[in-house]
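The structure under discussion appears below in the form of structure tokens.
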Amino acid sequence: MEFFAGKFDVAVIGAGHAGIEAGLAAARLGAKTAVFTINLDWVGNMPCNPSIGGTSKGHLVREIDALGGQMGVAADRNTLQSRMLNLSKGPAVHSLRAQIDRRAYSAEMKNTLENTPGLTLKQAEIVDLRQSGGCWELRTRLEEVYSAQAVILATGTFLAGRVYIGDVSYESGPDGMFPATALAQSLRALNIPVRRFKTGTPARVNANSIDFSKVEEQPGDARIVPFSFYEKTEIENRRPCYITYTNQETKEIILSNLHRSPLYGGKIEGVGPRYCPSIEDKIVRFSEKERHQVFIEPCGLNTSEMYLQGLSSSLPVDVQLAFLRTIPGLEHAQVMRPAYAIEYDCVDPLALRPSLEFLDFDGLFGAGQFNGSSGYEEAAAQGLIAGINAARKVQGKKPFILDRASSYIGTLIDDLVTKGCSDPYRMMTSRSEYRLVLRQDNADLRLTPLGREIGLISDQKWEHFLQKRDQIEQEALRVNQTVLSPTPALNAALERAGTAPVQSGVTVAELLRRPQVDYQLLEPFDTQRPDLPEEITEQVQIQLKYAGYIKRQEAQIAEMRRLEVQALPRTIDYTQVTGLRLEAAEKLSRIRPENVGQASRISGVTPADVSVLLIYLRANRNEQEDPT
């Protein structure tokens, strides 16, 4: 018999990376919050790769930290190896990636949730969700009933999850956990627009069965940069990673067994990730390649499990064993967990507002893989924003929305809710047209004031931020005022670096603008330089070297924001807007953009359509309502 078990302001369904950030943000903002998960032992689980960060994903983690989120802090505390990617390129694409102790990370996040005031963490499977009397009712498998003013769906790959390994398929969540089948049926009954996506994961092998003499060691960085700007943790490289390669024999085994892959046999309906394909998909799509990289990565300090990044597969177990044993170093690999593909339900993100609240369901939010994205970092970023906005919703405050020019988080969400996605969305630096401004190194300078404004940045963090900002401003002023004389030693150093000597006095700033010159080169000559942390000199140097490009992007941002402030009332009947093409009217009616800027990014809406909208707004300015 059902019984009423509790009332909350915000309820989060799921305790993966999206659910964690959502629950913590809502509770820290003063909302009475509950986080429900099928299994408490798998809070913050990493069912795929045991790492955080990577190209563009590192940007997301640092932005989460800058806003007051938790992922970066937990990652720093549980790092096995740290590397900064793309250092041979410009600072816009530098991205931090850390190998993580997955079980320690999970325990850390569980403990954080348990000890957050105002947050209840509960093991319970939510099987039914419905609206009742202005609130949402959540029913559990054990017939408990909870109510909440706002609900966040952060179900990951659990929703109607089904695992595929060759000819075998069965209902399952990741890592052999129960799937959320009943909840999936409940959401379909609500007429929420769901579809099927698919992802996969490689086999895990025992380190004791790997011949490390045949693989290339990949060490961590000597200089370790943390994810968190504010929680300082002593980080060290505690485990190496390794690289090996597939070969022609690997390719032949996979091709000869392709008919046994559920992906190619038509058994899997869901659309897989374009930018993280299975090994069989890579062999077919990139048939000209002789080999593919395989990264052998540790799963933790206290386990012998090694993750084989690059070998995601849904082939039968016997085929997996056969192709693994063709790879140098893995000839005698002992498989501890076979690779598998998992298919799951997710929502069409075009059904969501930029706040991540549903257009048609008041107080219902989506976050993470439920929204059609892939990756822990994308999930955590959305969870943070959904948690903030769910709390603000119940508190009667306006939504907190990040635009494309403010952050990668804003770009991620804008892409999802404006353009939608036909396959699992993965963040990449190329998705941001403002990436020179939205670097990972300045995430705190961009976003911490916003985090402070909404209430997630403590006094201590804020003081740290103000001090750093002041130091950057003072150093920028100093290098513009400090003049160096053209000594023989200085000119010799400049010529060795491949740049022209100076004939008269020159400021430190003028020299730093040269591509060949950096702080280290000028250290012997800039004798009045204060002892500053590298994060300070890095900011000053980047601002000087890229000043022209940054100024150009800031002009583009100003034009974009001119359109963003042109709000579109929710009551507009686009079919009645004179001059608007039929396709544009249909797309605008379905997506219901918040403003002209968002409307301009919808596929099928042309610049001519945008001009029509601007004319319509001017003509009807007095009749417009506040869209919030």
*Salt-bridged, R592 to D360, with N to O below 4.0 Å?*
yes
*Could you tell me whether R196 and E343 have a side-chain N and a carboxylate O separated by less than 4.0 Å?*
yes
*Heavy-atom closest contact (G53 atom, F227 atom, distance)*: CA-CZ, 4.1 Å
_Which residues share a side-chain hydrogen bond (donor to acceptor under 3.5 Å, both in side chains) with E2, sequence neighbours left out_ = R139
*Does S132 reach the side chain of S147, with side-chain heavy atoms less than 4.5 Å apart?*
no
*asked:* Quick test of your reading: applying side chain to side chain donor-acceptor pair (under 3.5 Å), list the pairs with at least one residue in residues 596-605, sequence neighbours left out, ordered by first then second residue.
replied: D414-R601, T418-Q598, E564-R601
*Has K122 got its NZ or CZ under 6.0 Å from the middle of the six-membered ring of F36, at an angle within 45 degrees of the ring axis?*
no
_R392 side-chain N/O to P399 backbone N/O, donor-acceptor pair under 3.5 Å_ = no
*Hey, are the side chains of I13 and L183 touching, using non-hydrogen atoms and a 4.5 Å cut-off?*
yes
*Do any pairs count as a salt bridge (Lys or Arg N to Asp or Glu O under 4.0 Å) and have a residue in residues 182-194, sequence neighbours left out, and if so which ones?*
R188-D345
*Would you list the pairs meeting side chain to side chain donor-acceptor pair (under 3.5 Å) in which at least one residue belongs to residues 362-373, sequence neighbours left out?*
D362-K393, N371-Q382, S373-Q382
*Before giving the answer on side-chain contact (heavy atoms from CB on, under 4.5 Å), spell out for L129 and L153 the whole-Å C-alpha distance, their side-chain angles and the decisive distance to 0.1 Å.*
CA-CA 10 Å; L129 181 66; L153 293 163; 4.2 Å; yes
_In the structure I gave you, are the side-chain heavy atoms of L187 and L159 within less than 4.5 Å of one another anywhere?_
yes
*Are any of the side-chain nitrogens in D101 or R103 under 4.0 Å away from the carboxylate oxygens of its partner?*
no
*Mind checking whether F361 and F358 have parallel, tilted or perpendicular rings, split at 30° and 60°?*
perpendicular
*Polar side-chain atom of N442 near backbone of L445 as donor-acceptor pair, under 3.5 Å*: no
*For R590, all residues meeting side chain to side chain contact (heavy atoms under 4.5 Å, CB included), sequence neighbours excluded*: D348, L350, K587
*Does S278 use its side chain to pair, donor to acceptor, with the backbone of D281 at less than 3.5 Å?*
yes
_Test item: N111 side-chain N/O and A107 main-chain N/O as donor-acceptor pair under 3.5 Å_ = no
*asked:* Tell me which pairs pass side chain to side chain donor-acceptor pair (under 3.5 Å) where either residue lies in residues 152-163, with sequence neighbours left out.
replied: R162-S169
*What do the steps show when you test K32 against V394 for side-chain contact (heavy atoms from CB on, under 4.5 Å), and what is the final call?*
CA-CA 10 Å; K32 185 181 179 184; V394 301; over 6 Å; no
*Got a sec, which pairs hit ring-ring contact (aromatic ring centres under 6.0 Å, His included) with one end in residues 363-419, sequence neighbours left out?*
H17-Y376, H59-Y408
*Pairs in or reaching into residues 68-80: which pass side chain to side chain donor-acceptor pair (under 3.5 Å), with residues at least two apart or in two chains?*
R28-Q70, R77-E108
*Can you name the closest pair of heavy atoms from L138 and A11 and give their distance?*
CD2-CB, 4.0 Å
*asked:* Looking at every heavy atom in both A584 and D609, which two are closest together, and how far apart are they?
replied: CB-OD2, 3.4 Å
*Work out which heavy atom in A148 is nearest to a heavy atom in V10; give both atom names and the distance.*
CB-C, 4.3 Å
*Sorted by first residue and then second, give each salt bridge (Lys or Arg N to Asp or Glu O under 4.0 Å) pair with at least one member in residues 365-391; sequence neighbours left out.*
K57-E377, K57-E378
*Mark yes or no for whether S106, through its side chain, and A104, through its backbone, hold a donor-acceptor pair below 3.5 Å.*
no
_Minimum side-chain heavy-atom gap Y164-Y340 below 4.5 Å_ = no
*asked:* Which heavy atom of L580 sits nearest to which heavy atom of A585, and what is that distance?
replied: CD2-CA, 4.1 Å
*Locate the shortest heavy-atom distance separating I152 from A386; write the atom from each residue and the value.*
CD1-O, 3.6 Å
_side-chain hydrogen bond (donor to acceptor under 3.5 Å, both in side chains) involving T140 - partner list, sequence neighbours excluded_ = E144
*Applying side-chain hydrogen bond (donor to acceptor under 3.5 Å, both in side chains), name anything that partners T201, two or more places apart in sequence or on another chain.*
R204
Would you list the atom pairs, donor with acceptor, under 3.5 Å between side chains in residues 41-49 and any protein atom, with sequence neighbours excluded?
residue : atom : partner : partner atom : Å
N45     : OD1  : R102    : NH2          : 2.9
N45     : ND2  : D175    : OD2          : 3.0
N49     : ND2  : S51     : OG           : 2.6

*Does the side chain of T448 come under 3.5 Å of the side chain of Y230 through a donor N or O and an acceptor N or O?*
yes
*Reported CZ-to-CD1 distance for the pair R452 and I457, which is rounded to 0.5 angstrom*: 8.5 Å
*Do N39 and Q123 have side-chain heavy atoms sitting under 4.5 Å apart?*
yes
